[in-house]
Each structure stands twice: as structure tokens, then as C-alpha cells.
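Read through the structure below, which is laid out as C-alpha cells, and then see the notes.
Every number for a ligand or one of its atoms is a count from 1 in the order of the listing.
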Amino acid sequence: MSEDTHEVYAIRYGHHARRSPENFVGGDPHDVLQPLDFYVWAIVGPSGAIIVDTGFDEAMGRRRQRELLKPVREGLAALGIAPESVENVVISHLHYDHCGNHDLFPRARYHLQDREMAYATGRCMCHQMLRMPFEVDDVVAMVRKVFTGRAAFQDGEGEIVPGVSVHHIGGHSKGLQSVRVKTRRGHVVLAADATHLYAHIDGGRVFPIVYNVAEVIEGYGTLKKLATSPRHVVPGHDPLVLARYPAAKPGLEGWVARLDAEPKDS
Ligand SMILES: [Zn+2]
Ligand SMILES: [Zn+2]
């Protein structure tokens with residue numbers, strides 16, 4: 001493996017059963033079961049493991065009525081990753097399902113966009129509709145990381161290590177960023193909530209939690225441009241990810257998938 005080539009894994013930790021009209025602005029005429037899965041991602045390379053997003057814990061799952069399937073720590077352990085050893089965490093955005101488990105990575109620096117921190121601590125949070133996907137304890141925990149020198153701010157594009165970069169997309173949340181990773185099969189893009197499901201990016205449709213609709217739709221083009229092919233874009237909440245990509249190793253089916261492997265439908 002060359003110096004800037006990485007392995008990439010999706011770790012499923014939660015689930016929410018829902019119907020398709022809840023997943024699109026304007027609803028969905030088909031009204032079928034279309035659940036969301038919840039993931040964190042691990043990027044493994046010569047400089048150790050970089051974790052993308054930190055998920056939520058059991059208490060938050062109960063509070064938000066989302067099912068915690070396996071604690072994030074267990075998913076990392078299944079890959080042999082000790083959270084205590086992780087030095088870099090990328091936070092795609094500050095919604096409750098992406099930035100909980102505040103104390104899981106005691107040594108890590110947390111990379112997030114200037115615009116996301118400003119959004120989550122500024123005037124927009126005065127409005128219930130805009131603050132709904134945020135939890136004040138998550139935002140305060142990030143403020144504390146700023147004050148202990150553990151936040152690393154990004155503005156637009158930034159390199160985490162050679163072969164791994166972050167890219168501001170916005171749209172769904174003001175400072176949402178996606179992550180581009182050089183792998184053995186080309187550049188894989190971890191979209192996070194820049195596209196919740198394949199159906200969003202493929203159909204030009206929009207998830208109902210949104211800061212700026214135009215940025216969401218423009219963002220689909222950016223994701224495709226950053227990825228080696230459209231098949232290299234990995235949505236943030238789609239159960240199909242675990243169907244399309246092989247398990248990281250035997251026994252991890254339905255839990256941890258390897259994203260630098262060819263997807264099965266290719
Ligand atoms: Zn979100
Ligand atoms: Zn999300």
C-alpha cells in the first residue's frame with residue numbers, strides 16, 4: 001500500500017424504521033418502508049485510523065427514539081481500532097447522530113468546518129425548527145474541545161493527512177463537510193448527510209432536514225466530481241451500503257462493510 005492509500009470501513013451502529021414520505025421534501029408517492037441506518041466510518045492507513053463522525057450513545061438513542069444496534073466502541077473494536085489511539089476525528093456536521101460519544105476519543109483532534117461551529121452556536125439556534133437536529137450537550141462538548149485546543153477548524157477544503165481531505169458541501173447543515181479518501185479502487189467519497197440515501201443523489205431529491213436546498217442539489221454535483229465515479233459516493237444513512245459492499249471480515253455481515261472493495265452490483 002502506498003503512503004497515501006487507505007482502507008475505508010462503514011460501521012453501522014443504529015437504525016430507524018420509517019416510511020419513504022418522511023425521507024423527501026414533497027413526500028413520496030410510493031409510501032413504502034424505507035428505513036435509515038446510522039453509521040460512523042473508519043479510514044485506516046499509514047498514519048493510523050481516522051474516524052469520521054462519532055455517532056450517538058444509548059441514552060441519546062432512547063431520547064431520539066432511534067435504535068442503537070451496537071455501541072460505536074464495539075464496531076471499532078471489531079476492526080481492531082482502540083479509540084484511545086485515534087488522533088484524528090472528522091465531524092461531518094454537528095447533528096446529534098454524528099457527534100455524540102464525546103469522551104470516546106481522549107487523544108483526538110476534531111476536524112470541523114468554521115461554518116458549522118458558527119451555525120450551531122449562533123442566531124439560527126434561536127429557532128426551534130433549525131436547532132431540532134442539534135443537541136445542546138453535543139455543541140457544548142465541542143465548545144469545550146475548542147477551549148482545550150482539540151478542535152481543528154477547516155474552511156472549505158482541507159487535508160487531514162495525505163490522501164484524506166475534507167470538502168465543505170453545506171446544504172443539509174450550513175457547515176456540512178464530506179470526506180474524500182484515496183483507496184486502491186480510486187477516490188471514495190464519504191458523503192455523510194450530503195446524501196442520506198442513494199435515492200437522493202440519484203434522483204436529485206432532498207431530505208427534509210435542510211438549511212439550503214440549492215446547496216444540497218449543487219452538492220450532488222460536487223460529490224460526483226470528487227469521486228472517481230458515481231459508484232464511489234457513499235451515502236450517510238442508506239441500508240443499501242451494507243448490501244452493496246462486502247463485510248470487512250467474516251462474522252461482520254450487516255455490521256461493518258469494506259468500502260474500498262468493489263461494490264457487489266458492479
Ligand atoms: Zn444531519
Ligand atoms: Zn445524519
Tell me whether the guanidinium CZ or amine NZ of Lys70 lies under 6.0 angstrom from the six-membered ring centre of Tyr13 and within 45° of its axis. no

The criterion is side-chain hydrogen bond (donor to acceptor under 3.5 Å, both in side chains); which residues satisfy it with Ser173, sequence neighbours excluded? Glu116

Non-hydrogen atoms of Ile11 and Val256 that approach each other most closely: CG1-CG1, 4.1 Å

Is the shortest distance from a Lys or Arg side-chain nitrogen in Arg73 or Glu84 to a carboxylate oxygen in the other one below 4.0 Å? yes

Just checking, Arg64 and Tyr96: is the charged tip under 6.0 Å from the six-membered ring centre and within 45° of the axis? yes

Counting only protein atoms, how many N/O/S atoms are less than 2.8 Å away from the Zn ion (ligand 1)? 4

Tell me whether the guanidinium CZ or amine NZ of Arg205 lies under 6.0 angstrom from the six-membered ring centre of Tyr220 and within 45° of its axis. no

